[in-house]
2 protein chains.
Amino acid sequence: MMTIMKTAVPRYIQIADGLRQQIESDELSPGDQLPSERELSETWQVSRMTLRAALQSLESQGLLVRRQGAGTFVAEPKFERQAGKLVPFTEAMRNRGYKTGARVILFEQRAAATSTAQKLQLPPAAPVYVIHRLRLINDEPVLLEKFAMSVTLFPDLASHDLEERSIYEITRTEYGIIASEAQQSLEPVLATEYEAELLGIEPGVPLMLERRLAFDQEKRPFEYGRDLYRGDRFRFITEIAPLDDR
Amino acid sequence: MMTIMKTAVPRYIQIADGLRQQIESDELSPGDQLPSERELSETWQVSRMTLRAALQSLESQGLLVRRQGAGTFVAEPKFERQAGKLVPFTEAMRNRGYKTGARVILFEQRAAATSTAQKLQLPPAAPVYVIHRLRLINDEPVLLEKFAMSVTLFPDLASHDLEERSIYEITRTEYGIIASEAQQSLEPVLATEYEAELLGIEPGVPLMLERRLAFDQEKRPFEYGRDLYRGDRFRFITEIAPLDDR
DNA sequence: AGGCTACAATGGTCTATACCATTTGCCGGC
DNA sequence: GCCGGCAAATGGTATAGACCATTGTAGCCT
(Lines give C-alpha, C1' and ligand atoms only; values in the text may rest on other atoms or scores of the structure.)
Protein backbone atom coordinates (compact mmCIF):
# COMPACT_ATOMS: atom_id res chain seq x y z
CA MET A 1 0.00 0.00 0.00
CA MET A 2 1.36 3.39 -0.95
CA THR A 3 -0.94 5.77 0.81
CA ILE A 4 1.92 7.92 1.91
CA MET A 5 3.98 7.56 -1.25
CA LYS A 6 4.17 10.42 -3.63
CA THR A 7 4.10 9.34 -7.23
CA ALA A 8 6.88 11.79 -8.04
CA VAL A 9 9.79 12.28 -5.69
CA PRO A 10 11.29 15.74 -6.06
CA ARG A 11 14.53 15.72 -7.94
CA TYR A 12 16.50 17.26 -5.10
CA ILE A 13 15.39 14.47 -2.78
CA GLN A 14 16.35 11.83 -5.34
CA ILE A 15 19.79 13.39 -5.56
CA ALA A 16 20.10 13.60 -1.79
CA ASP A 17 19.15 9.92 -1.53
CA GLY A 18 21.72 8.99 -4.15
CA LEU A 19 24.49 10.85 -2.34
CA ARG A 20 23.41 9.45 1.01
CA GLN A 21 23.69 5.93 -0.39
CA GLN A 22 27.23 6.67 -1.53
CA ILE A 23 28.06 7.84 1.99
CA GLU A 24 26.34 4.99 3.79
CA SER A 25 27.84 2.31 1.53
CA ASP A 26 31.33 3.59 2.28
CA GLU A 27 31.79 4.61 -1.32
CA LEU A 28 32.48 7.96 0.29
CA SER A 29 34.27 8.02 3.64
CA PRO A 30 34.30 10.61 6.41
CA GLY A 31 36.57 13.43 5.39
CA ASP A 32 36.27 12.75 1.66
CA GLN A 33 35.59 15.75 -0.49
CA LEU A 34 32.64 15.63 -2.83
CA PRO A 35 32.80 16.92 -6.39
CA SER A 36 31.98 20.62 -6.59
CA GLU A 37 28.43 21.84 -6.80
CA ARG A 38 28.93 22.80 -10.40
CA GLU A 39 30.27 19.36 -11.27
CA LEU A 40 27.50 17.55 -9.42
CA SER A 41 24.82 19.65 -11.10
CA GLU A 42 26.24 18.59 -14.45
CA THR A 43 26.43 14.97 -13.32
CA TRP A 44 22.80 14.94 -12.20
CA GLN A 45 21.61 17.19 -15.00
CA VAL A 46 19.96 19.75 -12.76
CA SER A 47 20.39 23.41 -11.95
CA ARG A 48 22.92 24.32 -9.32
CA MET A 49 20.14 25.54 -7.03
CA THR A 50 18.41 22.15 -7.14
CA LEU A 51 21.73 20.47 -6.41
CA ARG A 52 22.29 22.86 -3.53
CA ALA A 53 18.91 21.94 -2.08
CA ALA A 54 20.02 18.32 -2.04
CA LEU A 55 23.31 19.15 -0.32
CA GLN A 56 21.55 21.36 2.21
CA SER A 57 19.26 18.50 3.07
CA LEU A 58 22.19 16.20 3.73
CA GLU A 59 23.96 18.88 5.71
CA SER A 60 20.96 19.31 7.97
CA GLN A 61 20.99 15.55 8.56
CA GLY A 62 24.59 15.82 9.74
CA LEU A 63 25.99 13.82 6.84
CA LEU A 64 27.87 16.62 5.08
CA VAL A 65 29.96 19.60 6.03
CA ARG A 66 30.16 22.53 3.62
CA ARG A 67 32.81 25.22 3.81
CA GLN A 68 32.63 28.30 1.68
CA GLY A 69 35.54 28.45 -0.76
CA ALA A 70 36.90 25.05 0.25
CA GLY A 71 34.34 22.43 -0.70
CA THR A 72 31.83 19.88 0.57
CA PHE A 73 33.02 17.02 2.74
CA VAL A 74 31.57 13.89 4.24
CA ALA A 75 31.06 14.56 7.92
CA GLU A 76 32.94 12.67 10.60
CA PRO A 77 30.55 10.55 12.66
CA LYS A 78 29.72 11.94 16.07
CA PHE A 79 30.72 10.36 19.33
CA GLU A 80 27.71 9.28 21.36
CA ARG A 81 27.45 10.40 24.92
CA GLN A 82 24.95 9.05 27.36
CA ALA A 83 22.81 11.87 28.59
CA GLY A 84 21.79 11.63 32.19
CA LYS A 85 24.22 8.88 33.05
CA LEU A 86 27.29 9.31 35.18
CA VAL A 87 29.68 7.18 33.18
CA PRO A 88 33.31 8.11 33.40
CA PHE A 89 34.06 9.86 30.18
CA THR A 90 37.42 8.18 29.66
CA GLU A 91 36.02 4.73 30.20
CA ALA A 92 33.06 5.32 27.94
CA MET A 93 35.25 6.48 25.07
CA ARG A 94 37.93 3.85 25.58
CA ASN A 95 35.22 1.22 25.47
CA ARG A 96 34.48 2.49 22.00
CA GLY A 97 38.08 1.99 20.95
CA TYR A 98 39.12 5.61 21.08
CA LYS A 99 42.39 6.87 22.46
CA THR A 100 41.69 9.35 25.21
CA GLY A 101 43.70 11.96 26.94
CA ALA A 102 43.28 14.77 29.40
CA ARG A 103 45.02 18.01 30.25
CA VAL A 104 44.50 20.05 33.36
CA ILE A 105 44.23 23.60 32.15
CA LEU A 106 43.45 25.27 35.42
CA PHE A 107 43.75 24.14 38.99
CA GLU A 108 43.35 26.80 41.58
CA GLN A 109 41.98 27.31 45.00
CA ARG A 110 39.77 30.28 45.63
CA ALA A 111 36.83 31.49 47.62
CA ALA A 112 33.64 30.04 46.22
CA ALA A 113 31.39 32.26 44.19
CA THR A 114 28.00 32.71 45.79
CA SER A 115 26.20 30.41 43.41
CA THR A 116 28.87 27.74 43.72
CA ALA A 117 28.80 27.88 47.52
CA GLN A 118 25.06 27.60 47.37
CA LYS A 119 25.04 24.61 45.07
CA LEU A 120 27.68 22.79 47.11
CA GLN A 121 25.98 23.74 50.37
CA LEU A 122 29.13 25.42 51.62
CA PRO A 123 29.46 28.54 53.76
CA PRO A 124 29.76 31.73 51.71
CA ALA A 125 33.28 32.23 50.28
CA ALA A 126 34.36 28.82 51.50
CA PRO A 127 37.54 27.67 49.78
CA VAL A 128 36.98 25.55 46.69
CA TYR A 129 39.11 24.15 43.93
CA VAL A 130 38.25 25.48 40.52
CA ILE A 131 39.42 23.01 37.94
CA HIS A 132 39.36 23.18 34.15
CA ARG A 133 40.24 19.98 32.38
CA LEU A 134 40.43 19.45 28.65
CA ARG A 135 39.53 16.02 27.32
CA LEU A 136 40.87 14.67 24.09
CA ILE A 137 39.88 11.81 21.83
CA ASN A 138 42.45 10.60 19.35
CA ASP A 139 44.49 13.69 20.23
CA GLU A 140 41.61 16.00 19.34
CA PRO A 141 40.18 18.25 22.08
CA VAL A 142 36.46 17.55 22.33
CA LEU A 143 35.36 18.45 25.83
CA LEU A 144 36.16 21.16 28.32
CA GLU A 145 35.24 20.35 31.91
CA LYS A 146 34.97 23.10 34.48
CA PHE A 147 34.14 22.03 37.97
CA ALA A 148 34.34 23.08 41.59
CA MET A 149 34.90 21.00 44.69
CA SER A 150 35.29 21.82 48.35
CA VAL A 151 38.82 22.21 49.71
CA THR A 152 37.62 21.19 53.14
CA LEU A 153 36.08 17.99 51.85
CA PHE A 154 39.05 17.11 49.62
CA PRO A 155 42.24 18.37 51.20
CA ASP A 156 45.40 18.08 49.15
CA LEU A 157 43.53 17.21 45.95
CA ALA A 158 46.38 18.61 43.87
CA SER A 159 48.57 15.73 44.92
CA HIS A 160 46.49 13.35 42.83
CA ASP A 161 46.85 12.83 39.12
CA LEU A 162 43.84 14.52 37.58
CA GLU A 163 45.02 13.82 34.06
CA GLU A 164 45.21 10.07 34.32
CA ARG A 165 42.51 9.40 36.87
CA SER A 166 38.77 9.90 36.97
CA ILE A 167 37.76 12.47 39.51
CA TYR A 168 35.14 10.13 40.93
CA GLU A 169 37.69 7.35 41.26
CA ILE A 170 39.87 9.70 43.26
CA THR A 171 37.04 10.81 45.54
CA ARG A 172 36.08 7.20 46.16
CA THR A 173 39.48 5.69 46.80
CA GLU A 174 41.20 8.63 48.47
CA TYR A 175 38.36 10.30 50.32
CA GLY A 176 35.70 7.64 50.72
CA ILE A 177 33.14 9.77 48.88
CA ILE A 178 31.13 7.79 46.39
CA ALA A 179 29.29 9.54 43.58
CA SER A 180 25.81 8.10 43.64
CA GLU A 181 23.64 10.42 41.64
CA ALA A 182 23.60 13.76 39.92
CA GLN A 183 21.38 16.48 38.62
CA GLN A 184 22.16 17.20 35.01
CA SER A 185 20.81 19.33 32.25
CA LEU A 186 21.69 19.82 28.60
CA GLU A 187 21.55 23.03 26.70
CA PRO A 188 23.21 24.39 23.62
CA VAL A 189 25.54 27.38 24.01
CA LEU A 190 28.09 29.13 21.83
CA ALA A 191 31.82 28.87 22.43
CA THR A 192 33.55 31.85 23.99
CA GLU A 193 37.01 32.80 22.77
CA TYR A 194 38.63 31.07 25.75
CA GLU A 195 36.66 27.89 25.20
CA ALA A 196 37.16 28.01 21.46
CA GLU A 197 40.89 28.31 21.76
CA LEU A 198 41.10 25.31 24.07
CA LEU A 199 38.79 23.20 21.94
CA GLY A 200 40.40 24.12 18.66
CA ILE A 201 37.33 25.70 17.15
CA GLU A 202 36.12 29.14 16.21
CA PRO A 203 34.36 31.37 18.75
CA GLY A 204 30.63 31.18 18.25
CA VAL A 205 30.61 27.51 17.34
CA PRO A 206 27.84 25.61 19.15
CA LEU A 207 28.71 23.60 22.22
CA MET A 208 26.51 21.41 24.37
CA LEU A 209 26.65 22.51 27.96
CA GLU A 210 26.07 19.78 30.50
CA ARG A 211 25.52 21.26 33.90
CA ARG A 212 26.02 18.81 36.69
CA LEU A 213 25.69 18.67 40.45
CA ALA A 214 26.95 15.35 41.77
CA PHE A 215 25.87 13.90 45.10
CA ASP A 216 27.54 11.36 47.32
CA GLN A 217 25.99 8.35 48.99
CA GLU A 218 24.65 10.58 51.76
CA LYS A 219 22.92 12.81 49.22
CA ARG A 220 25.37 15.61 49.82
CA PRO A 221 26.46 17.67 46.83
CA PHE A 222 30.21 17.49 46.37
CA GLU A 223 30.95 18.45 42.80
CA TYR A 224 29.51 21.25 40.75
CA GLY A 225 30.43 21.26 37.12
CA ARG A 226 29.83 22.57 33.68
CA ASP A 227 31.01 20.37 30.82
CA LEU A 228 31.25 21.87 27.36
CA TYR A 229 31.09 19.31 24.56
CA ARG A 230 31.88 20.18 20.99
CA GLY A 231 28.47 20.10 19.35
CA ASP A 232 29.94 18.90 16.10
CA ARG A 233 31.59 15.89 17.75
CA PHE A 234 28.91 14.58 20.07
CA ARG A 235 25.31 13.62 20.14
CA PHE A 236 23.48 12.73 23.26
CA ILE A 237 21.35 9.71 23.86
CA THR A 238 19.30 8.88 26.87
CA GLU A 239 19.28 5.74 28.85
CA ILE A 240 18.88 5.56 32.56
CA ALA A 241 20.37 2.85 34.66
CA PRO A 242 21.60 2.55 38.21
CA LEU A 243 24.52 4.84 38.69
CA ASP A 244 27.89 3.40 37.75
CA ASP A 245 30.98 4.43 39.60
CA ARG A 246 32.83 7.33 38.12
CA MET B 1 34.43 43.17 20.02
CA MET B 2 33.02 41.92 16.77
CA THR B 3 35.40 39.20 15.79
CA ILE B 4 32.55 36.90 14.83
CA MET B 5 30.33 39.58 13.32
CA LYS B 6 29.92 39.77 9.60
CA THR B 7 29.74 43.30 8.31
CA ALA B 8 26.85 42.34 6.03
CA VAL B 9 24.09 40.11 7.25
CA PRO B 10 22.44 38.23 4.41
CA ARG B 11 19.07 39.62 3.53
CA TYR B 12 17.28 36.36 4.18
CA ILE B 13 18.67 36.27 7.72
CA GLN B 14 17.60 39.87 8.32
CA ILE B 15 14.09 38.95 7.22
CA ALA B 16 14.08 35.82 9.37
CA ASP B 17 15.17 37.89 12.37
CA GLY B 18 12.44 40.43 11.70
CA LEU B 19 9.76 37.77 11.55
CA ARG B 20 11.15 36.03 14.62
CA GLN B 21 10.88 39.26 16.56
CA GLN B 22 7.24 39.57 15.56
CA ILE B 23 6.67 36.04 16.84
CA GLU B 24 8.61 36.44 20.07
CA SER B 25 7.03 39.79 20.91
CA ASP B 26 3.56 38.27 20.61
CA GLU B 27 2.76 40.47 17.68
CA LEU B 28 2.11 37.10 16.06
CA SER B 29 0.60 34.37 18.20
CA PRO B 30 0.70 30.59 17.85
CA GLY B 31 -1.75 29.56 15.18
CA ASP B 32 -1.72 32.93 13.41
CA GLN B 33 -1.35 32.80 9.67
CA LEU B 34 1.42 34.84 8.12
CA PRO B 35 0.94 36.85 4.95
CA SER B 36 1.59 34.80 1.83
CA GLU B 37 5.09 34.36 0.47
CA ARG B 38 4.25 36.60 -2.44
CA GLU B 39 2.96 39.33 -0.15
CA LEU B 40 5.92 39.09 2.19
CA SER B 41 8.39 39.23 -0.70
CA GLU B 42 6.75 42.48 -1.78
CA THR B 43 6.78 43.82 1.77
CA TRP B 44 10.48 43.10 2.21
CA GLN B 45 11.33 43.96 -1.39
CA VAL B 46 13.09 40.71 -2.15
CA SER B 47 12.61 37.81 -4.51
CA ARG B 48 10.28 35.06 -3.45
CA MET B 49 13.20 32.64 -3.25
CA THR B 50 15.01 34.88 -0.78
CA LEU B 51 11.84 35.19 1.25
CA ARG B 52 11.43 31.42 1.18
CA ALA B 53 14.95 31.01 2.52
CA ALA B 54 13.97 33.13 5.50
CA LEU B 55 10.81 31.12 6.13
CA GLN B 56 12.69 27.86 5.80
CA SER B 57 15.15 29.05 8.41
CA LEU B 58 12.35 29.80 10.85
CA GLU B 59 10.64 26.52 10.06
CA SER B 60 13.79 24.57 10.87
CA GLN B 61 13.94 26.41 14.21
CA GLY B 62 10.45 25.16 14.97
CA LEU B 63 8.89 28.62 14.91
CA LEU B 64 6.79 28.22 11.78
CA VAL B 65 4.67 25.56 10.17
CA ARG B 66 4.17 25.64 6.41
CA ARG B 67 1.44 23.75 4.61
CA GLN B 68 1.32 23.53 0.86
CA GLY B 69 -1.81 25.21 -0.50
CA ALA B 70 -2.93 26.45 2.92
CA GLY B 71 -0.36 28.94 4.16
CA THR B 72 2.33 29.61 6.74
CA PHE B 73 1.46 29.60 10.43
CA VAL B 74 3.14 30.42 13.70
CA ALA B 75 3.92 27.10 15.39
CA GLU B 76 2.33 26.05 18.63
CA PRO B 77 4.97 25.82 21.36
CA LYS B 78 5.99 22.29 22.20
CA PHE B 79 5.32 20.59 25.50
CA GLU B 80 8.49 19.77 27.33
CA ARG B 81 9.03 16.28 28.58
CA GLN B 82 11.77 15.27 30.96
CA ALA B 83 13.90 12.68 29.28
CA GLY B 84 15.21 10.02 31.58
CA LYS B 85 12.94 10.89 34.44
CA LEU B 86 10.03 8.79 35.61
CA VAL B 87 7.56 11.56 36.31
CA PRO B 88 3.93 10.65 35.97
CA PHE B 89 2.85 12.12 32.66
CA THR B 90 -0.45 13.41 33.96
CA GLU B 91 1.15 15.12 36.91
CA ALA B 92 3.88 16.70 34.83
CA MET B 93 1.40 18.17 32.36
CA ARG B 94 -1.12 19.23 34.97
CA ASN B 95 1.66 21.03 36.76
CA ARG B 96 2.06 23.07 33.60
CA GLY B 97 -1.59 24.06 33.68
CA TYR B 98 -2.77 21.69 30.97
CA LYS B 99 -5.96 19.70 31.06
CA THR B 100 -5.10 16.04 30.72
CA GLY B 101 -7.07 12.98 29.82
CA ALA B 102 -6.55 9.34 29.04
CA ARG B 103 -8.35 6.64 27.11
CA VAL B 104 -7.63 2.96 27.32
CA ILE B 105 -7.58 1.78 23.74
CA LEU B 106 -6.60 -1.80 24.31
CA PHE B 107 -6.56 -3.96 27.39
CA GLU B 108 -6.05 -7.62 26.81
CA GLN B 109 -4.42 -10.58 28.34
CA ARG B 110 -2.29 -12.79 26.17
CA ALA B 111 0.75 -14.98 26.19
CA ALA B 112 3.87 -12.85 26.25
CA ALA B 113 5.85 -12.47 23.08
CA THR B 114 9.32 -13.89 23.41
CA SER B 115 11.02 -10.53 23.66
CA THR B 116 8.49 -9.30 26.19
CA ALA B 117 8.88 -12.39 28.37
CA GLN B 118 12.60 -11.93 28.20
CA LYS B 119 12.53 -8.29 29.19
CA LEU B 120 10.16 -8.90 32.08
CA GLN B 121 12.08 -12.01 33.15
CA LEU B 122 8.98 -14.14 32.80
CA PRO B 123 8.71 -17.75 31.65
CA PRO B 124 8.12 -18.07 27.90
CA ALA B 125 4.50 -17.42 26.94
CA ALA B 126 3.64 -16.34 30.46
CA PRO B 127 0.39 -14.41 30.58
CA VAL B 128 0.75 -10.65 30.37
CA TYR B 129 -1.52 -7.69 29.99
CA VAL B 130 -0.99 -5.74 26.82
CA ILE B 131 -2.29 -2.25 27.32
CA HIS B 132 -2.56 0.65 24.90
CA ARG B 133 -3.46 3.97 26.43
CA LEU B 134 -3.95 7.25 24.64
CA ARG B 135 -3.02 10.41 26.49
CA LEU B 136 -4.59 13.75 25.72
CA ILE B 137 -3.69 17.30 26.55
CA ASN B 138 -6.43 19.92 26.20
CA ASP B 139 -8.48 17.24 24.44
CA GLU B 140 -5.78 16.66 21.86
CA PRO B 141 -4.20 13.20 21.62
CA VAL B 142 -0.45 13.60 22.03
CA LEU B 143 0.92 10.31 23.33
CA LEU B 144 0.22 6.64 22.74
CA GLU B 145 1.47 4.34 25.47
CA LYS B 146 1.85 0.65 24.81
CA PHE B 147 2.99 -1.45 27.70
CA ALA B 148 3.06 -4.99 29.05
CA MET B 149 2.86 -6.23 32.60
CA SER B 150 2.74 -9.65 34.20
CA VAL B 151 -0.69 -11.08 34.98
CA THR B 152 0.82 -13.16 37.76
CA LEU B 153 2.36 -10.13 39.40
CA PHE B 154 -0.74 -7.95 38.99
CA PRO B 155 -3.84 -10.12 39.22
CA ASP B 156 -7.11 -8.43 38.42
CA LEU B 157 -5.50 -5.29 37.07
CA ALA B 158 -8.56 -4.61 34.93
CA SER B 159 -10.57 -3.79 38.03
CA HIS B 160 -8.57 -0.60 38.47
CA ASP B 161 -9.23 2.66 36.71
CA LEU B 162 -6.42 2.98 34.18
CA GLU B 163 -7.88 6.14 32.73
CA GLU B 164 -7.89 8.21 35.87
CA ARG B 165 -4.93 6.72 37.73
CA SER B 166 -1.24 6.49 37.08
CA ILE B 167 -0.13 2.93 36.50
CA TYR B 168 2.67 3.33 39.02
CA GLU B 169 0.28 4.66 41.62
CA ILE B 170 -1.80 1.55 41.11
CA THR B 171 1.14 -0.83 41.36
CA ARG B 172 2.28 0.92 44.54
CA THR B 173 -0.99 1.19 46.40
CA GLU B 174 -2.67 -2.01 45.19
CA TYR B 175 0.26 -4.37 44.76
CA GLY B 176 3.05 -2.95 46.90
CA ILE B 177 5.34 -2.67 43.90
CA ILE B 178 7.20 0.61 43.82
CA ALA B 179 8.74 1.88 40.61
CA SER B 180 12.25 2.85 41.54
CA GLU B 181 14.17 3.11 38.31
CA ALA B 182 13.97 2.45 34.61
CA GLN B 183 15.96 1.94 31.50
CA GLN B 184 14.86 4.36 28.83
CA SER B 185 15.90 5.33 25.38
CA LEU B 186 14.71 7.87 22.86
CA GLU B 187 14.56 7.46 19.14
CA PRO B 188 12.58 9.01 16.34
CA VAL B 189 10.21 6.78 14.38
CA LEU B 190 7.41 7.34 11.88
CA ALA B 191 3.77 6.83 12.74
CA THR B 192 2.06 3.71 11.44
CA GLU B 193 -1.53 3.96 10.24
CA TYR B 194 -2.81 2.57 13.54
CA GLU B 195 -0.78 5.03 15.58
CA ALA B 196 -1.58 7.92 13.26
CA GLU B 197 -5.29 7.30 13.50
CA LEU B 198 -5.19 7.29 17.28
CA LEU B 199 -3.01 10.36 17.48
CA GLY B 200 -4.93 12.33 14.92
CA ILE B 201 -2.04 12.71 12.52
CA GLU B 202 -1.01 11.43 9.12
CA PRO B 203 0.83 8.13 8.75
CA GLY B 204 4.52 8.80 8.32
CA VAL B 205 4.61 11.76 10.67
CA PRO B 206 7.58 11.60 13.03
CA LEU B 207 7.05 10.35 16.57
CA MET B 208 9.49 10.09 19.43
CA LEU B 209 9.63 6.55 20.71
CA GLU B 210 10.50 6.22 24.38
CA ARG B 211 11.28 2.62 25.19
CA ARG B 212 11.11 1.87 28.87
CA LEU B 213 11.74 -1.03 31.19
CA ALA B 214 10.72 -0.13 34.72
CA PHE B 215 12.10 -1.86 37.79
CA ASP B 216 10.72 -2.16 41.28
CA GLN B 217 12.50 -1.60 44.57
CA GLU B 218 14.01 -5.10 44.36
CA LYS B 219 15.43 -4.37 40.91
CA ARG B 220 12.92 -6.63 39.23
CA PRO B 221 11.53 -5.55 35.88
CA PHE B 222 7.76 -5.22 36.05
CA GLU B 223 6.70 -2.99 33.18
CA TYR B 224 7.87 -3.00 29.61
CA GLY B 225 6.64 -0.18 27.49
CA ARG B 226 6.91 1.84 24.35
CA ASP B 227 5.57 5.38 24.46
CA LEU B 228 5.01 7.20 21.22
CA TYR B 229 5.01 10.97 21.55
CA ARG B 230 3.92 13.25 18.79
CA GLY B 231 7.17 14.76 17.58
CA ASP B 232 5.48 18.00 16.72
CA ARG B 233 4.09 18.43 20.22
CA PHE B 234 7.01 17.51 22.46
CA ARG B 235 10.63 18.18 23.01
CA PHE B 236 12.75 16.35 25.44
CA ILE B 237 15.02 17.79 28.04
CA THR B 238 17.31 16.01 30.39
CA GLU B 239 17.61 16.37 34.07
CA ILE B 240 18.24 13.54 36.46
CA ALA B 241 17.04 13.50 39.97
CA PRO B 242 16.15 10.80 42.43
CA LEU B 243 13.18 8.91 41.15
CA ASP B 244 9.77 10.35 41.93
CA ASP B 245 6.80 8.11 42.35
CA ARG B 246 4.78 7.49 39.28
C1' DA C 1 -29.44 21.96 2.83
C1' DG C 2 -25.80 19.25 1.29
C1' DG C 3 -22.55 17.75 -1.98
C1' DC C 4 -19.69 18.40 -5.85
C1' DT C 5 -16.93 20.96 -8.95
C1' DA C 6 -14.14 24.60 -10.37
C1' DC C 7 -11.21 28.23 -9.51
C1' DA C 8 -8.22 31.02 -6.88
C1' DA C 9 -4.78 31.23 -3.43
C1' DT C 10 -0.97 29.23 -1.46
C1' DG C 11 3.29 26.65 -0.80
C1' DG C 12 6.72 23.52 -3.44
C1' DT C 13 9.95 22.55 -7.19
C1' DC C 14 12.97 23.93 -10.71
C1' DT C 15 15.64 26.69 -14.09
C1' DA C 16 19.17 30.02 -15.63
C1' DT C 17 22.01 33.46 -14.40
C1' DA C 18 24.87 36.82 -12.02
C1' DC C 19 27.65 38.27 -8.49
C1' DC C 20 29.80 37.98 -3.77
C1' DA C 21 32.90 35.89 -0.12
C1' DT C 22 36.17 32.55 1.18
C1' DT C 23 39.75 29.31 0.52
C1' DT C 24 43.56 27.27 -1.67
C1' DG C 25 47.30 26.72 -4.61
C1' DC C 26 50.75 28.43 -7.55
C1' DC C 27 54.13 31.58 -9.05
C1' DG C 28 57.37 35.12 -8.61
C1' DG C 29 60.39 37.84 -5.99
C1' DC C 30 63.43 38.50 -2.27
C1' DG D 1 63.45 28.49 0.81
C1' DC D 2 59.94 31.42 2.35
C1' DC D 3 56.51 34.84 1.92
C1' DG D 4 53.16 37.48 -0.34
C1' DG D 5 50.01 38.34 -3.94
C1' DC D 6 46.99 36.92 -7.38
C1' DA D 7 43.95 34.00 -9.69
C1' DA D 8 41.11 30.14 -9.87
C1' DA D 9 38.03 27.17 -7.60
C1' DT D 10 34.50 26.72 -4.43
C1' DG D 11 30.38 27.63 -1.64
C1' DG D 12 26.89 31.52 -0.51
C1' DT D 13 23.42 34.98 -1.76
C1' DA D 14 20.09 36.80 -4.73
C1' DT D 15 17.03 37.59 -8.75
C1' DA D 16 13.23 36.68 -12.07
C1' DG D 17 10.28 33.65 -13.69
C1' DA D 18 7.62 29.44 -14.77
C1' DC D 19 5.10 25.66 -13.53
C1' DC D 20 3.33 21.98 -10.27
C1' DA D 21 0.65 20.26 -6.17
C1' DT D 22 -2.37 21.08 -2.48
C1' DT D 23 -5.93 23.42 0.00
C1' DG D 24 -9.95 26.02 0.74
C1' DT D 25 -13.90 28.52 -0.61
C1' DA D 26 -17.70 29.78 -3.33
C1' DG D 27 -21.27 28.81 -6.35
C1' DC D 28 -24.33 25.81 -8.48
C1' DC D 29 -27.21 21.88 -8.77
C1' DT D 30 -29.92 18.31 -6.86
Side-chain angles (χ1 to χ4, degrees), chain A residues 2-19 28 31-75 201-205 232, chain B residues 2-19 28 31-60 62-75 200-205 232:
Chain A
M2 296 194 302
T3 50
I4 58 173
M5 284 307 183
K6 279 174 162 180
T7 48
V9 177
R11 196 84 178 94
Y12 81 93
I13 291 185
Q14 294 178 23
I15 298 169
D17 286 348
L19 294 173
L28 286 168
D32 282 358
Q33 175 167 5
L34 267 64
S36 70
E37 291 179 358
R38 291 165 176 85
E39 285 178 277
L40 285 170
S41 66
E42 281 194 33
T43 298
W44 291 88
Q45 285 293 296
V46 291
S47 78
R48 196 178 145 226
M49 296 312 298
T50 299
L51 193 281
R52 279 179 60 78
L55 295 185
Q56 175 160 13
S57 166
L58 294 171
E59 180 182 37
S60 69
Q61 295 169 48
L63 294 175
L64 291 183
V65 172
R66 296 195 294 167
R67 288 169 46 224
Q68 180 175 4
T72 303
F73 305 85
V74 180
I201 53 177
E202 295 296 310
V205 161
D232 63 332
Chain B
M2 294 192 307
T3 48
I4 57 171
M5 285 306 183
K6 281 172 160 180
T7 50
V9 176
R11 196 82 181 95
Y12 82 93
I13 292 185
Q14 294 177 22
I15 298 169
D17 286 346
L19 294 173
L28 287 169
D32 280 359
Q33 175 166 3
L34 267 65
S36 71
E37 291 179 356
R38 292 166 176 83
E39 286 177 278
L40 285 169
S41 67
E42 280 193 35
T43 299
W44 290 89
Q45 285 292 297
V46 292
S47 77
R48 197 180 146 226
M49 294 312 298
T50 299
L51 193 283
R52 279 178 61 78
L55 295 185
Q56 175 160 15
S57 166
L58 294 171
E59 181 183 38
S60 70
L63 294 175
L64 291 183
V65 172
R66 298 193 293 168
R67 286 169 49 221
Q68 182 173 1
T72 303
F73 305 85
V74 179
I201 53 179
E202 295 296 310
V205 161
D232 63 332

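Naming: A, B, ... by sequence-line order, numbering from 1 per chain.
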- Note on the structure: B:L51 atom CG is separated from C:dG12 atom C1', nearest whole Å, by 14 Å
- Task: Can you figure out which of C:dC14, D:dT10, C:dG12 approaches the side chain of B:Q68 most closely?
- Result: C:dG12
- Query: B:P10 has a side chain; which of D:dA14, C:dT13, C:dC14 sits nearest to it?
  - Reply: D:dA14
- Quick one: B:E42 CD to D:dT15 P, roughly how many Å, whole number? 13 Å
- Please report, rounded to the nearest Å, how far the C1' atom of C:dA9 is from the CG atom of B:L34. 16 Å
- Message: From CD of A:Q56 over to C1' of D:dG12, roughly how many Å is that when rounded to an integer?
- Response: 11 Å
- Winner on side-chain proximity to B:T72, out of C:dG11, D:dG24, D:dT10, is C:dG11
- Item | For atom CG of A:L55 and atom P of C:dC14, their distance in whole Å | 14 Å
- Message: Can you tell me if B:T50 touches the phosphate of D:dT13, counting only side-chain N or O atoms and a distance under 4.0 Å to OP1 or OP2?
- Response: no
- Nearest heavy-atom neighbours spanning A:L64 and A:V74: CD2-CA, 4.0 Å
- Message: From C-beta outward on B:S47, which listed nucleotide comes closest to its side chain: C:dG11, D:dA14, D:dT13?
- Response: D:dA14
- Item | Rounded distance (Å) that lies between atom P of D:dG11 and atom CZ of A:R38 | 7 Å
- Message: Regarding B:R52, tell me which of base, sugar-phosphate or nothing describes its non-hydrogen contacts under 4.0 Å with the strands shown.
- Response: base
- Message: With a 4.0 Å cutoff (strictly under), does any side-chain N or O of B:R67 reach OP1 or OP2 of D:dG24?
- Response: yes
- Task: Starting at atom CD of A:E37, determine the distance to atom P of C:dA16, rounded to an integer number of angstrom.
- Result: 16 Å
- If you check the A:Y12 side chain, which of D:dA14, C:dC14, C:dT10 turns out closest? C:dC14
- Item | Where B:A16 and B:L58 come nearest, the two heavy atoms and their spacing | O-CD2, 3.6 Å
- Task: Look at all strands and tell whether A:R48 reaches a base, only sugar-phosphate, or nothing, counting heavy atoms closer than 4.0 Å.
- Result: base
- A:E37 side chain to A:S41 side chain, donor-acceptor N/O pair below 3.5 angstrom: no
- Note on the structure: Closest non-hydrogen contact found for B:G31 with B:F73 is O-CD2, 3.7 Å
- Item | Nearest atoms (heavy-atom pairs only) where B:A54 meets B:Y12 | CB-O, 3.3 Å
- Provide, to the nearest angstrom, the distance between the CD atom belonging to A:Q14 and the C1' atom belonging to C:dC14. 13 Å
- Note on the structure: Assign each of B:S36 and B:M49 the nucleotide of DNA chain C bearing its closest heavy atom; nearer the 5' end lies the nucleotide of B:S36
- Message: Nearest to the B:R66 side chain among C:dG11, D:dT15, D:dG11, which nucleotide is it?
- Response: C:dG11
